[in-house]
Amino acid sequence: MIKTLNLKKIYTTEEVETTALDNVNIKIEEGEFVSIMGPSGCGKSTLLNLLGLLDNPSSGEYYFLEQEVANFSERQRAKLRKENIGFVFQSFNLIDELTVFENVELPLLYLGYSSSERKTRVNEVLEQMEIMHRRNHFPQQLSGGQQQRVAVSRAIVSKPKLILADEPTGNLDSSHGDEVMNLLEELNKAGTTVVMVTHSPTYAEYGDRVIHLFDGHIVTENYKGGFRV
Amino acid sequence: MLKSYIITAFRNIKKHKTFSLINILGLSIGMTVSLLILIFVINEFSYDNFYPNKDRIYRIAVKWGQENNIMKFAGSMPAISPAINDAFPGAIAAARVLKAYNGITVERKQKKIKEENACYADAEYFKVFALPFISGNPETALAEPYSVVITKSIAEKYFGNTNPVGETLTIEGDLYKVTGLINDIPENTHLNLNMFISYKTLAAKGEKDEHPWNSWGSVYNYVLLKDNVSPQSLKQALGKELEANAGEWFASRIEFVIQNLTEIHWINDFRGDSGPKQNKMYVLVFLIAAIVILAIACFNYVNLSTARYLERMKDVGIRKVIGANRSQIVTQFLIESLMITFLSIFISFILFQLFRSSAYSFIETKIILNENYFFSLSAVILFMIIIVGFIAGVYPALFLSKFSPTEIIKNKVVSGVKHFSVRKVLVVVQFIMSILLIFGTVVIYKQIDFMLNTSLGYDKENVVILNLISPESKNKYQTLKEKLSEHSGVKAVSGAFTVPGINSRENMGVKVIDGSNEDIINLQTVAVDYDFVKAMGIKIIKGRNFSEKFGSDINRSVILNETAVKMLNINNPIGEKIGMPKGNNKMEEVTIVGVVKDFNLQSLHNKITPLLLYLEPEKYIAMLVKYDPESQKDVLAYINKTWGEVLPGEKPNYIFLEDSYKKLYKSETKTEKLLVFFAVLAIFISSLGLLGLTSFAAAKRVKEIGIRKVLGASVSNIVTLLSKEFVLLVVVSTLIASPVAYILMNKWLQNFAYRININVWMFLISGSMALAIALFTVSIIAIKAALSNPINSLRSE
């Protein structure tokens with residue numbers, strides 16, 4: 001599903017040039033659950049942004065669903081993104097002015113689903129995430145765990161092939177964190193590819209593979225049942 | 001999708017109440033003013049636009065005189081239209097209209113009513129103006145004497161619902177046949193008529209010589225030209241016709257002016273014109289003011305929306321991450337601005353309805369409420385929603401939609417958005433506009449003050465002008481004068497042909513007695529009575545005043561002003577003889593008996609003209625009564641009483657000389673009042689914006705303020721910190737606005753022969769006012785921010 005060759009990302013400001021990712025080569029198959037770990041500033045989020053087509057690499061190749069997308073325009077990336085990728089963030093990133101239902105409905109709106117289809121899909125997902133009873137509430141009226149459940153609902157409502165989660169448990173206590181991780185595991189079991197950035201070694205273990213980043217380089221790839229340097 | 005946009009927009013408006021309130025308030029005020037002005041402008045431009053052939057219909061007006069002594073008349077020779085119909089192939093038809101100025105009395109059955117909007121019109125009238133007939137034949141309706149075409153409302157008044165065509169009406173005692181019925185003519189015309197009597201009736205009654213080429217004034221001539229026929233060719237043809245019929249001397253002094261029908265409403269300086277008039281410049285100034293006020297309100301929206309980018313970034317970022325493209329984000333923000341606009345226009349429509357009548361009566365305009373009005377109103381509202389919604393919304397939409405979704409993932413603010421250059425520019429533009437308006441007000445105020453208080457060379461206080469309107473009052477002038485002079489409070493009484501504020505002017509070509517025709521100097525001549533100089537308090541600097549002791553003063557003596565003496569180049573004027581034209585334009589010898597100090601009979605728009613005073617009782621159109629200020633009340637009561645005794649049934653029509661003089665500056669006084677209004681509005685809306693911007697700036701820097709306070713910053717340090725930037729912007733605005741204001745107002749001052757100088761203090765006062773208001777506005781927020789407990793702001797971080 002995902003293949004990168006010598007992926008590089010350099011951020012340039014007026015005074016400093018920072019290499020956030022340096023020659024990263026990754027291959028992720030469909031149905032995998034991959035965790036990415038590393039200290040702050042090692043390039044985890046940058047990698048996730050590139051994989052999620054939110055940004056273009058400075059150099060290197062990126063194949064997403066067999067397509068070279070490294071030089072796609074914002075418009076092309078947006079199209080690919082909305083059809084194939086769901087995002088879950090540490091800070092939930094729900095729109096405060098929209099209700100739970102409307103937040104979850106949003107990706108379907110941009111995909112051009114009809115009103116009745118949207119209603120059915122959103123209700124299904126809210127049931128599945130056990131948040132149906134909160135469908136008319138606004139994000140500020142929910143607990144952190146509930147908000148993240150809504151965020152996950154929004155990420156999966158369009159049935160994406162890939163879910164990218166950037167520290168999804170970072171703002172949650174352990175019980176709510178476990179809850180979210182179980183959700184992601186279930187989704188993965190149902191066939192969705194999951195790539196997750198985390199600081200927590202425990203939650204990283206949910207993945208089939210843990211990639212360790214340091215200073216923009218992959219230093220280790222830790223497979224369940226095996227270890228490769 | 002649309003529903004989602006609307007819901008989001010609505011919730012955003014509700015959530016950010018202060019922001020929404022500032023925007024809606026600013027836009028509502030701006031839109032109300034614009035709505036009032038746009039309807040006024042549309043109304044003014046609508047005059048005579050409903051006639052189907054309006055672009056090819058012209059009125060033939062006349063200029064009479066030479067060089068500095070030209071008079072303009074809306075009416076022209078009654079011979080013109082028949083001559084065009086006979087001999088000008090470029091015209092489809094021409095028709096004369098003579099308004100019945102004193103009204104006509106119409107009788108039918110028990111009804112006897114004075115109709116004020118009747119006229120005599122040629123048979124070709126309906127060919128020129130193409131007004132559709134409900135009944136009757138437009139070709140022949142006015143072909144015969146004693147026939148009349150009436151409008152629907154006149155028909156209903158006299159005939160109820162029955163068809164009046166073929167029936168009769170008694171007009172001024174004669175029997176007329178109704179030959180046509182037309183719909184009421186819309187009121188937005190310079191020719192507001194409802195009864196058309198055949199022009200031939202005048203000849204049948206023996207009232208008028210039908211075809212004179214040498215007299216003009218009250219008859220209007222209209223012509224409908226064929227396609228592609230230039231009015232210039234008509235002008236040339238008429239010039240030749242005039243020369244052939246009235247002679248070379250006469251023709252050399254007449255110039256025909258061919259006026260398009262739609263322009264007539266804007267023509268102000270032709271005597272004997274018809275219908276309400278408007279000054280195009282005045283309307284354009286209004287239009288610009290409306291655009292300025294609306295622009296200031298739109299700029300507020302732009303500034304406040306972009307200032308909130310931090311709050312909106314999250315929304316934009318999330319939407320982009322989950323698949324929204326830029327155009328979808330732009331649409332969302334445009335819908336939000338359209339909704340704000342829609343709410344604002346709703347409020348402004350209510351305000352418009354509330355203030356409409358007082359606003360229009362203030363600017364002395366009648367807005368014609370017909371179906372066109374409602375159409376215009378709807379069109380203007382729709383236009384404003386679209387234009388304002390779009391203009392105000394498009395920049396914020398483009399600005400806010402440009403954020404990359406990466407920023408939201410990183411939870412970081414784009415560093416490049418620190419400069420807000422567009423916002424600064426807009427604040428500067430807002431204040432430039434406000435300063436221009438303040439400066440304009442200051443200059444106009446000073447100029448009016450100067451005009452009202454400058455010595456004019458005569459004493460305008462304690463003089464009452466009594467208009468001699470009726471022929472009886474003119475005949476009884478001498479009796480009135482004698483009676484009024486008997487009162488001990490009356491100091492002087494004089495008749496005059498020209499007094500300040502009354503539009504009457506006579507000019508004559510005068511020359512030194514042995515000079516040639518080339519030495520003729522055009523002087524303004526004023527027919528006065530013996531006591532004119534005394535009543536007006538004019539100073540005699542050489543010779544003497546007119547006196548009844550000298551029987552020869554009537555017809556033989558004149559008094560000149562200093563400028564006239566200079567222009568005639570006479571060294572020792574007293575006793576000098578000059579030639580002035582008397583009856584039949586023959587030069588007659590008169591003697592200069594006195595020279596008066598220059599005085600300004602006109603407004604200070606004009607330079608003092610060379611002037612000649614002579615005694616000519618038949619020409620008096622007004623009486624001046626100079627009185628003792630202590631007995632003003634008594635004198636006025638005495639005037640009323642005496643007038644009633646001498647002219648039973650008549651009341652005196654009077655005005656104080658001071659007020660009559662003030663009337664000369666009516667347009668300036670009105671402009672000043674309006675500028676004050678616009679300046680207050682502009683500065684208010686700009687300040688509203690500034691209030692919003694400062695509160696956003698304060699909110700954004702809440703942590704910085706907290707840290708500074710913890711480190712020892714005082715309240716004044718914080719206020720300075722927050723105010724500095726905005727104050728600097730207002731200073732920049734003053735610097736930019738000053739030269740522009742100077743150029744604009746200097747140009748305006750060129751309208752006056754006697755004017756004030758633009759001084760540095762005027763710039764200082766305008767800039768300081770803007771600065772003081774801005775500083776006050778910014779301080780409200782800054783002080784509040786500075787007084788807040790730093791612990792709260794730091795904890796919230």
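Each chain gets a letter, A, B and so on, in the order its sequence line appears, and its residues count up from 1. Here the structure is a predicted model, which means the values were calculated and not measured.
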I'd like to verify something: which residue of A:L53, A:N103, A:D96 has the highest number of heavy-atom pairs under 4.5 Å with chain B?
A:D96

Max heavy-atom pairs within cutoff under 4.5 Å with chain B, candidates A:R77, A:E97, A:E74, goes to A:E97

Interface residues of residues 10-21 of chain B facing chain A - heavy atom cut-off under 4.5 Å
B:R11, B:N12, B:K15, B:H16

Those residues of residues 335-348 of chain B, ordered by number, that approach chain A below 4.5 Å (heavy atom to heavy atom)
none

A:F138 versus chain B, heavy atoms under 4.5 Å apart: side chain, backbone, both or neither?
side chain

Please check if atom CD in A:Q140 has more than 12 non-hydrogen atoms from other residues, nucleotides or ligands closer than 6.0 Å.
yes

Counting only heavy atoms from other residues, nucleotides and ligands, does the tally under 6.0 Å from CZ of B:F390 exceed 12?
no

So how far is it from [X] [atom1] to [Y] [atom2], rounded to the nearest 0.5 Å?
X      : Y      : atom1 : atom2 : value
A:I95  : B:S4   : CD1   : OG    : 8.0 Å
A:E102 : B:I7   : CD    : CD1   : 4.5 Å
A:Y110 : B:I329 : OH    : CD1   : 4.5 Å

Pairs touching residues 106-126 of chain A that satisfy salt bridge (Lys or Arg N to Asp or Glu O under 4.0 Å), sequence neighbours left out:
A:E105-A:R118

Verify side-chain contact (heavy atoms from CB on, under 4.5 Å) between A:L54 and B:V321, making sure each step is shown before the conclusion.
CA-CA 7 Å; A:L54 293 170; B:V321 165; 3.8 Å; yes

With sequence neighbours left out, what residues match B:Y395 under ring pair (Phe, Tyr, Trp, His ring centres under 6.0 Å)?
B:F399

I need the single residue from A:K82, A:R81, A:R154 that forms a side chain to side chain contact (heavy atoms under 4.5 Å, CB included) with B:I322. Which is it?
A:R154

Tell me, for B:R319 versus chain A, whether the close heavy atoms (under 4.5 Å) come from the side chain, the backbone, both or neither.
both

Is the closest side-chain heavy-atom distance between B:T8 and A:L98 below 4.5 Å?
yes

